[in-house]
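Heads up, the thing below is written out as C-alpha coordinates.
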Amino acid sequence: MASDPPLEALVFDAYGTIFDVYSIAALCEQIFPGRGSALTQLWRGKQLEYTWLRSLMERHEDFAHITEAALRYACAASGLDCSASDRATLMQAYLTLAPYPDAILALPRLQRFPLAILSNGTPRMLEAVLQNAGLAETFSHVISVEEVGVFKPSPRVYALAPARLGVDKSKIALISSNAWDIAGAAAFGMQTFWVQRSGLPMDELGVVALKSARNLLELVDELLHTRSRA
Ligand code: LAC
(Lines give C-alpha, C1' and ligand atoms only; values in the text may rest on other atoms or scores of the structure.)
Protein backbone atom coordinates (compact mmCIF):
# COMPACT_ATOMS: atom_id res chain seq x y z
CA MET A 1 0.00 0.00 0.00
CA ALA A 2 1.64 3.20 -1.18
CA SER A 3 0.07 5.11 1.71
CA ASP A 4 2.18 3.37 4.36
CA PRO A 5 4.87 5.69 5.71
CA PRO A 6 8.50 4.70 5.07
CA LEU A 7 9.99 2.37 7.62
CA GLU A 8 12.44 3.80 10.12
CA ALA A 9 13.05 0.78 12.39
CA LEU A 10 12.65 -2.99 12.33
CA VAL A 11 11.50 -4.92 15.39
CA PHE A 12 11.84 -8.70 15.45
CA ASP A 13 10.15 -11.37 17.47
CA ALA A 14 12.71 -13.77 18.92
CA TYR A 15 11.33 -17.26 19.52
CA GLY A 16 10.12 -18.87 16.32
CA THR A 17 11.28 -15.97 14.14
CA ILE A 18 15.02 -15.58 14.78
CA PHE A 19 15.41 -18.72 16.92
CA ASP A 20 14.11 -22.18 16.12
CA VAL A 21 12.28 -23.35 19.24
CA TYR A 22 12.05 -26.81 17.68
CA SER A 23 15.86 -27.11 17.51
CA ILE A 24 15.60 -28.40 21.07
CA ALA A 25 13.81 -31.53 19.77
CA ALA A 26 17.11 -33.38 19.26
CA LEU A 27 17.97 -33.02 22.95
CA CYS A 28 14.40 -33.99 23.94
CA GLU A 29 14.82 -37.07 21.74
CA GLN A 30 18.07 -38.02 23.49
CA ILE A 31 16.42 -37.75 26.90
CA PHE A 32 13.09 -39.30 25.83
CA PRO A 33 13.78 -41.57 22.83
CA GLY A 34 10.94 -41.65 20.32
CA ARG A 35 9.13 -38.76 22.01
CA GLY A 36 11.32 -35.74 21.21
CA SER A 37 9.29 -34.19 18.43
CA ALA A 38 5.86 -34.57 20.04
CA LEU A 39 7.14 -33.37 23.40
CA THR A 40 8.73 -30.28 21.83
CA GLN A 41 5.47 -29.39 20.05
CA LEU A 42 3.38 -29.78 23.19
CA TRP A 43 5.94 -27.85 25.25
CA ARG A 44 5.88 -24.86 22.86
CA GLY A 45 2.08 -24.93 22.62
CA LYS A 46 1.65 -24.92 26.39
CA GLN A 47 4.32 -22.25 26.82
CA LEU A 48 2.35 -19.86 24.61
CA GLU A 49 -0.98 -20.85 26.15
CA TYR A 50 0.35 -20.07 29.61
CA THR A 51 1.51 -16.60 28.49
CA TRP A 52 -2.00 -15.81 27.25
CA LEU A 53 -3.74 -17.32 30.28
CA ARG A 54 -1.52 -15.56 32.81
CA SER A 55 -2.00 -12.26 31.00
CA LEU A 56 -5.79 -12.70 31.15
CA MET A 57 -5.60 -13.80 34.79
CA GLU A 58 -3.35 -10.80 35.57
CA ARG A 59 -0.97 -13.20 37.31
CA HIS A 60 2.29 -12.51 35.53
CA GLU A 61 5.22 -14.84 35.89
CA ASP A 62 8.33 -14.41 33.74
CA PHE A 63 8.95 -16.41 30.55
CA ALA A 64 11.64 -18.59 32.15
CA HIS A 65 9.19 -19.78 34.81
CA ILE A 66 6.42 -20.19 32.23
CA THR A 67 8.70 -22.20 29.96
CA GLU A 68 9.66 -24.53 32.80
CA ALA A 69 6.02 -24.89 33.93
CA ALA A 70 5.04 -25.76 30.34
CA LEU A 71 7.81 -28.38 30.24
CA ARG A 72 6.55 -29.94 33.49
CA TYR A 73 3.03 -30.07 32.08
CA ALA A 74 4.12 -31.44 28.69
CA CYS A 75 6.09 -34.24 30.36
CA ALA A 76 3.26 -35.08 32.78
CA ALA A 77 0.67 -35.10 29.98
CA SER A 78 2.95 -37.36 27.93
CA GLY A 79 3.47 -39.78 30.82
CA LEU A 80 7.18 -38.95 30.93
CA ASP A 81 9.16 -38.78 34.14
CA CYS A 82 11.25 -35.62 33.83
CA SER A 83 13.81 -35.38 36.65
CA ALA A 84 14.95 -32.03 38.05
CA SER A 85 18.26 -32.60 36.29
CA ASP A 86 16.58 -33.30 32.90
CA ARG A 87 14.52 -30.15 33.37
CA ALA A 88 17.63 -28.14 34.15
CA THR A 89 19.36 -29.54 31.06
CA LEU A 90 16.43 -28.65 28.80
CA MET A 91 16.04 -25.19 30.30
CA GLN A 92 19.74 -24.56 29.82
CA ALA A 93 19.36 -25.64 26.19
CA TYR A 94 16.71 -22.92 25.75
CA LEU A 95 19.60 -20.47 26.05
CA THR A 96 21.36 -22.05 23.07
CA LEU A 97 18.47 -22.43 20.60
CA ALA A 98 19.67 -22.47 17.01
CA PRO A 99 19.05 -19.36 14.93
CA TYR A 100 17.34 -19.95 11.58
CA PRO A 101 19.91 -19.90 8.75
CA ASP A 102 17.77 -17.41 6.79
CA ALA A 103 17.85 -15.04 9.78
CA ILE A 104 21.64 -15.18 9.88
CA LEU A 105 21.76 -14.31 6.18
CA ALA A 106 19.03 -11.65 6.25
CA LEU A 107 20.01 -9.57 9.29
CA PRO A 108 23.32 -8.18 7.92
CA ARG A 109 21.44 -6.92 4.85
CA LEU A 110 19.09 -4.89 7.05
CA GLN A 111 21.72 -3.05 9.06
CA ARG A 112 20.76 0.30 7.52
CA PHE A 113 17.81 0.27 9.94
CA PRO A 114 17.90 0.34 13.71
CA LEU A 115 17.18 -3.33 14.56
CA ALA A 116 15.44 -4.38 17.76
CA ILE A 117 14.14 -7.51 19.44
CA LEU A 118 10.72 -7.35 21.13
CA SER A 119 10.10 -10.61 22.94
CA ASN A 120 8.29 -12.44 25.68
CA GLY A 121 11.72 -13.67 26.84
CA THR A 122 13.34 -12.34 29.99
CA PRO A 123 16.33 -10.02 29.56
CA ARG A 124 18.61 -12.83 30.81
CA MET A 125 17.19 -15.42 28.38
CA LEU A 126 17.45 -13.02 25.46
CA GLU A 127 20.97 -11.89 26.26
CA ALA A 128 22.15 -15.51 26.51
CA VAL A 129 20.45 -16.80 23.36
CA LEU A 130 21.68 -13.82 21.30
CA GLN A 131 25.20 -14.16 22.67
CA ASN A 132 25.33 -17.90 21.97
CA ALA A 133 24.16 -17.34 18.39
CA GLY A 134 26.77 -14.61 17.78
CA LEU A 135 24.00 -12.00 17.44
CA ALA A 136 24.75 -9.90 20.53
CA GLU A 137 25.93 -6.92 18.47
CA THR A 138 23.23 -7.14 15.79
CA PHE A 139 20.41 -5.43 17.67
CA SER A 140 20.59 -1.90 19.06
CA HIS A 141 17.68 -2.61 21.41
CA VAL A 142 16.64 -5.85 23.11
CA ILE A 143 13.21 -5.17 24.60
CA SER A 144 11.60 -7.66 26.98
CA VAL A 145 7.96 -7.77 28.04
CA GLU A 146 9.29 -7.83 31.60
CA GLU A 147 9.33 -4.02 31.39
CA VAL A 148 5.50 -4.06 31.48
CA GLY A 149 4.79 -7.41 33.18
CA VAL A 150 2.35 -8.72 30.59
CA PHE A 151 2.81 -10.87 27.49
CA LYS A 152 2.16 -10.39 23.79
CA PRO A 153 -0.26 -9.62 22.23
CA SER A 154 -1.07 -6.95 24.84
CA PRO A 155 -0.84 -3.47 23.26
CA ARG A 156 1.25 -2.49 26.30
CA VAL A 157 4.02 -4.72 24.95
CA TYR A 158 3.98 -3.26 21.43
CA ALA A 159 3.95 0.27 22.91
CA LEU A 160 7.44 -0.43 24.27
CA ALA A 161 8.87 -0.34 20.74
CA PRO A 162 8.01 3.25 19.74
CA ALA A 163 8.80 4.42 23.28
CA ARG A 164 12.26 2.85 23.33
CA LEU A 165 13.17 3.51 19.69
CA GLY A 166 11.82 7.06 19.56
CA VAL A 167 10.08 6.24 16.26
CA ASP A 168 6.35 6.58 15.54
CA LYS A 169 4.61 3.19 15.57
CA SER A 170 3.40 3.68 11.99
CA LYS A 171 7.04 3.73 10.84
CA ILE A 172 8.06 0.56 12.68
CA ALA A 173 7.89 -2.92 11.15
CA LEU A 174 7.15 -5.85 13.44
CA ILE A 175 8.55 -9.02 11.92
CA SER A 176 7.29 -12.29 13.35
CA SER A 177 6.54 -15.88 12.41
CA ASN A 178 3.74 -15.97 14.99
CA ALA A 179 0.47 -15.02 13.30
CA TRP A 180 -1.08 -13.91 16.61
CA ASP A 181 1.95 -11.64 17.19
CA ILE A 182 1.40 -10.10 13.76
CA ALA A 183 -2.26 -9.59 14.66
CA GLY A 184 -1.33 -7.88 17.94
CA ALA A 185 1.18 -5.56 16.29
CA ALA A 186 -1.18 -4.70 13.41
CA ALA A 187 -3.99 -3.96 15.85
CA PHE A 188 -1.58 -1.67 17.73
CA GLY A 189 -0.75 0.20 14.51
CA MET A 190 2.64 -1.10 13.39
CA GLN A 191 3.46 -2.27 9.88
CA THR A 192 3.64 -6.05 9.93
CA PHE A 193 5.78 -8.57 8.06
CA TRP A 194 4.86 -12.19 8.60
CA VAL A 195 7.43 -14.96 8.26
CA GLN A 196 5.10 -17.75 7.30
CA ARG A 197 7.30 -20.60 8.51
CA SER A 198 4.46 -22.95 9.42
CA GLY A 199 2.73 -22.76 6.03
CA LEU A 200 -0.56 -22.36 7.89
CA PRO A 201 -3.08 -19.61 7.05
CA MET A 202 -3.24 -16.32 8.91
CA ASP A 203 -5.22 -16.47 12.13
CA GLU A 204 -8.76 -15.11 11.87
CA LEU A 205 -8.34 -12.16 14.22
CA GLY A 206 -9.65 -9.37 12.03
CA VAL A 207 -6.28 -8.09 10.77
CA VAL A 208 -3.87 -9.19 8.07
CA ALA A 209 -0.11 -8.82 7.65
CA LEU A 210 1.08 -6.06 5.34
CA LYS A 211 3.47 -8.54 3.67
CA SER A 212 4.37 -12.17 4.14
CA ALA A 213 7.03 -14.58 2.91
CA ARG A 214 8.25 -18.09 3.71
CA ASN A 215 11.44 -16.92 5.43
CA LEU A 216 13.30 -13.80 6.49
CA LEU A 217 15.57 -13.73 3.48
CA GLU A 218 12.55 -13.48 1.20
CA LEU A 219 11.35 -10.46 3.20
CA VAL A 220 14.59 -8.47 2.83
CA ASP A 221 13.63 -6.84 -0.47
CA GLU A 222 10.16 -6.00 0.81
CA LEU A 223 11.64 -4.33 3.90
CA LEU A 224 14.19 -2.37 1.88
CA HIS A 225 11.62 -1.45 -0.75
CA THR A 226 9.10 -0.24 1.80
CA ARG A 227 11.62 2.32 2.95
CA SER A 228 12.73 3.46 -0.50
CA ARG A 229 9.29 4.30 -1.86
CA ALA A 230 8.91 7.30 0.52
C1 LAC B 1 8.54 -14.10 21.59
C2 LAC B 1 7.60 -15.28 21.45
C3 LAC B 1 6.29 -14.85 20.94
O4 LAC B 1 9.74 -14.20 21.31
O5 LAC B 1 8.03 -16.24 20.61
O6 LAC B 1 8.03 -13.08 22.03
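Keep in mind that the numbers below use all heavy atoms, side chains included, and drop hydrogens, waters and symmetry copies. As the structure is a prediction and not an experimental result, all values here were calculated from the model. In each ligand, atom 1 is the first atom listed, and ligand 1 is the first ligand listed.
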message: Can you list every protein residue that has a heavy atom under 4.0 Å from any atom of ligand 1, sorted by chain and residue number?
response: Asp13, Ala14, Tyr15, Arg44, Ser119, Asn120, Lys152, Asn178, Trp180
query: Which heavy atom in Leu174 sits nearest to a heavy atom in Ser176, and how many Å separate them?
result: CD1-CB, 3.7 Å
- prompt: Sequence neighbours excluded, which residues qualify as salt bridge (charged side-chain N to carboxylate O under 4.0 Å, His left out) partners of Arg44?
  reply: none
Distance flag, aromatic centroids of Tyr50 and Phe151, threshold under 6.0 Å: no
task: Please name the residue in the list Ile175, Ile117, Leu165 that meets the side-chain contact (heavy atoms from CB on, under 4.5 Å) test with Val11.
output: Leu165
- prompt: Taking NZ, NE, NH1 and NH2 as the nitrogens, is one of them in Asp102 or Arg197 under 4.0 Å from a carboxylate oxygen of the other?
  reply: yes
query: Are Ile66 and Met57 connected in a single hydrophobic cluster, I mean Ile/Leu/Val/Met/Phe/Trp/Tyr linked by side-chain heavy atoms less than 4.5 Å apart?
result: yes
